[in-house]
Amino acid sequence: MAEIGFVGLGNMGRPMARRLLDAGHAVRGFDVAAPAREAAGAAGLPLAGDMRAAVEGAEAVFTMLPAGADVRAVYCEAGGLLEAVGPDTLLVDCSTIDLETARAVHEEASAGGFAMLDAPVSGGVGGAEAGTLTFMVGGDEGAVARGEPLMAAMGRNIVHAGGPGNGQAAKMCNNMVLGVSMIAVSEAFTLAERVGLDAQTLFDIVSTASGQCWSLTSYCPVPGPVPSSPANRDYRAGFTAAMMLKDLRLARGAAQASGANTPLGSHAAALYEQYCADGEEGSDFSGIVRMLRGAG
Ligand code: NAD
């Protein structure tokens with residue numbers, strides 16, 4: 001069993017760290033925010049007084065932070081992780097961040113002689129609690145082999161996507177498909193309603209026809225056809241519109257930087273910007289169907 005430092009004990013980090021603890025690892029956690037520390041303490045996680053104390057002597061350190069700037073600060077600033085951990089520590093960043101920052105932090109870690117993985121996840125808070133996350137992992141084979149048994153305590157699928165940053169690349173591409181497909185499915189229900197086609201009938205047909213996709217069959221944006229979808233609980237998140245917008249912006253930024261042509265991805269980002277500006281940041285991302293229905 002390993003000694004593990006865990007930095008960032010928010011909605012995702014707390015249950016992930018808890019899974020590591022339940023698997024028998026010695027976990028020490030740290031978060032800058034007092035409410036996150038209190039919630040982590042209440043969940044039974046051993047806490048350290050500061051980041052250095054959480055990671056000193058650890059065989060592996062996991063980070064689960066909001067955005068690229070936080071990851072850069074935690075790893076690279078004076079007194080940050082790269083100065084605080086021992087030379088054999090494996091570093092695993094599970095945050096969803098921009099590719100450029102992910103690769104820059106990998107480079108700094110590598111220059112310091114550290115093994116590092118970018119390992120963003122999908123599956124949400126429910127998946128983190130149940131230990132059924134999917135990890136999309138970027139880094140070299142040796143680091144992946146070291147990280148795999150630890151990630152297995154938190155996830156069901158661990159997919160090696162290639163070299164440094166490729167975990168973020170995979171996550172960004174997947175969520176661009178998700179954002180675009182959620183809008184497409186929402187538009188189909190909006191159009192069906194206008195032309196007199198019942199929502200359940202549309203669902204029954206499309207779910208067995210060529211328009212079938214996850215946004216329809218697992219996360220249907222209108223109430224009724226999929227009882228577990230947020231549409232049946234007034235679009236309480238789930239996966240917030242703000243998170244979807246964040247991921248679509250990451251994809252748009254990467255497309256601009258790399259010269260990739262992603263017009264639907266960019267348009268999806270613009271529609272989620274509009275939806276969030278309507279005060280819906282905290283709603284589930286499937287609630288965008290309400291904006292589309294109202295806009296016609
Ligand atoms: P969150 O805001 O609940 O948690 C992030 C935590 O990091 C906060 O508690 C914050 O105080 C802490 N933090 C920030 N700076 C810190 C520092 N310098 N030192 C220590 N702690 C610091 O966010 P979350 O929902 O847990 O998401 C974390 C990451 O996972 C994000 O990148 C998000 O995009 C991604 N993600 C979230 C979900 C989801 O459903 N919530 C799903 C997949 C991926």
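On a predicted model such as this, the values are computed, not experimentally measured, just so you know. Atoms within each ligand, like the ligands themselves, are counted from 1 in listed order. The chain is numbered in sequence order, starting from 1.
- Of the listed options Thr63, Asp93, Val32, Val125, Val32 places a heavy atom closest to atom 15 (N) of ligand 1.
- The single protein non-hydrogen atom nearest to atom 25 (O) of ligand 1 is Met243 CE, 3.5 Å, given as residue, atom name and distance.
- Here the shortest heavy-atom distance to atom 36 (N) of ligand 1, taken over Thr96, Asn175, Ile97, belongs to Thr96.
- Only the side chain of Val74 comes within contact range of ligand 1, with a heavy atom under 4.0 Å; no backbone atom does.
- A side-chain donor-acceptor contact under 3.5 Å links Asp204 and Gln200.
- Protein heavy atom at the shortest distance from atom 4 (O) of ligand 1 is Gly10 CA, 3.3 Å.
- By the rule that hydrophobic residues join a cluster once side-chain heavy atoms approach within less than 4.5 Å of another member, Val105 and Ile97 end up as members of one cluster.
- Shortest contact from atom 30 (O) of ligand 1 to any protein heavy atom: Met64 CE, 3.1 Å.
- The distance from ligand 1 to the heavy atoms of Pro66 drops below 4.0 Å at these ligand atoms: 5 (C), 7 (O), 14 (C), 31 (C), 32 (O).
- Nearest to atom 27 (O) of ligand 1 by heavy atom, out of Met12, Met16, Arg37, is Met12.
- Ion pairing between Glu129 and Arg18 fails under the 4.0 Å rule for side-chain N and carboxylate O.
- Within the 6.0 Å centre-distance limit, the rings of Phe285 and Tyr219 are counted as a close aromatic pair.
- Side-chain N or O atoms of Glu38 include none that pairs as donor or acceptor with a backbone N or O of Ala33 at under 3.5 Å.
- Within the structure, the closest approach of Arg14 to ligand 1 does not fall below 4.0 Å when heavy atoms are considered.
- Those atoms of ligand 1 with a heavy atom of Leu65 less than 4.0 angstrom away are 7 (O), 13 (N), 14 (C), 15 (N), 16 (C), 21 (N), 22 (C), 28 (C), 29 (C), 31 (C), 32 (O).
- Put simply, no part of Met51 is less than 4.0 Å from ligand 1, judged by heavy atoms.
- With ligand atoms numbered from 1 in the order given, ligand 1 contributes 9 (O) to contacts under 4.0 Å with heavy atoms of Ala36.
- A continuous path of ILVMFWY side-chain contacts below 4.5 Å connects Leu47 to Ile4, so both sit in one hydrophobic cluster.
- Shown in contact with Gly124 at under 4.0 Å from a heavy atom are these atoms of ligand 1, numbered in order with element: 40 (O), 42 (C).
- Val92 and Met64 end up in the same hydrophobic cluster when Ile, Leu, Val, Met, Phe, Trp and Tyr side chains are linked at under 4.5 Å.
- Some N or O of Lys246 is nearer than 3.5 Å to an N or O of ligand 1, by distance alone.
- The contact set between ligand 1 and Val121, taken as ligand atoms under 4.0 Å from a residue heavy atom, comprises 43 (C), 44 (C).
- Those atoms of ligand 1 that come under 4.0 Å of a heavy atom in Lys171, given as number and element, are 43 (C), 44 (C).
- Interface atoms of ligand 1 facing Val7, defined by a heavy-atom separation under 4.0 Å, are 19 (N), 20 (C).
- For Ala73, the closest heavy-atom approach to ligand 1 does not fall below 4.0 Å.
- No donor-acceptor pair under 3.5 Å is formed between the side chain of Arg14 and the backbone N or O of Ala40.
- Judged by distance alone, with hydrogens and angles left aside, the side-chain atoms of Asn232 form a donor-acceptor pair with the main-chain N or O of Gly224 at under 3.5 Å.
- Glu273 and Arg249 are joined by a salt bridge, as a carboxylate oxygen and a charged side-chain nitrogen come within less than 4.0 angstrom of each other.
- When only non-hydrogen protein atoms are considered, atom 3 (O) of ligand 1 lies nearest to Asn11 N, 2.9 Å.
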Using the side-chain contact (heavy atoms from CB on, under 4.5 Å) rule, take Met182 and Tyr272 through it: C-alpha gap first, then chi angles, then the decisive distance, then the call. CA-CA 11 Å; Met182 181 53 76; Tyr272 273 101; 3.7 Å; yes

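- For a threshold of 3.5 Å applied to N or O pairs, the pair formed by Asp31 and ligand 1 contains at least one separation below that value.
- Under the 4.5 Å side-chain heavy-atom criterion for ILVMFWY residues, no single connected hydrophobic cluster contains both Val177 and Leu248.
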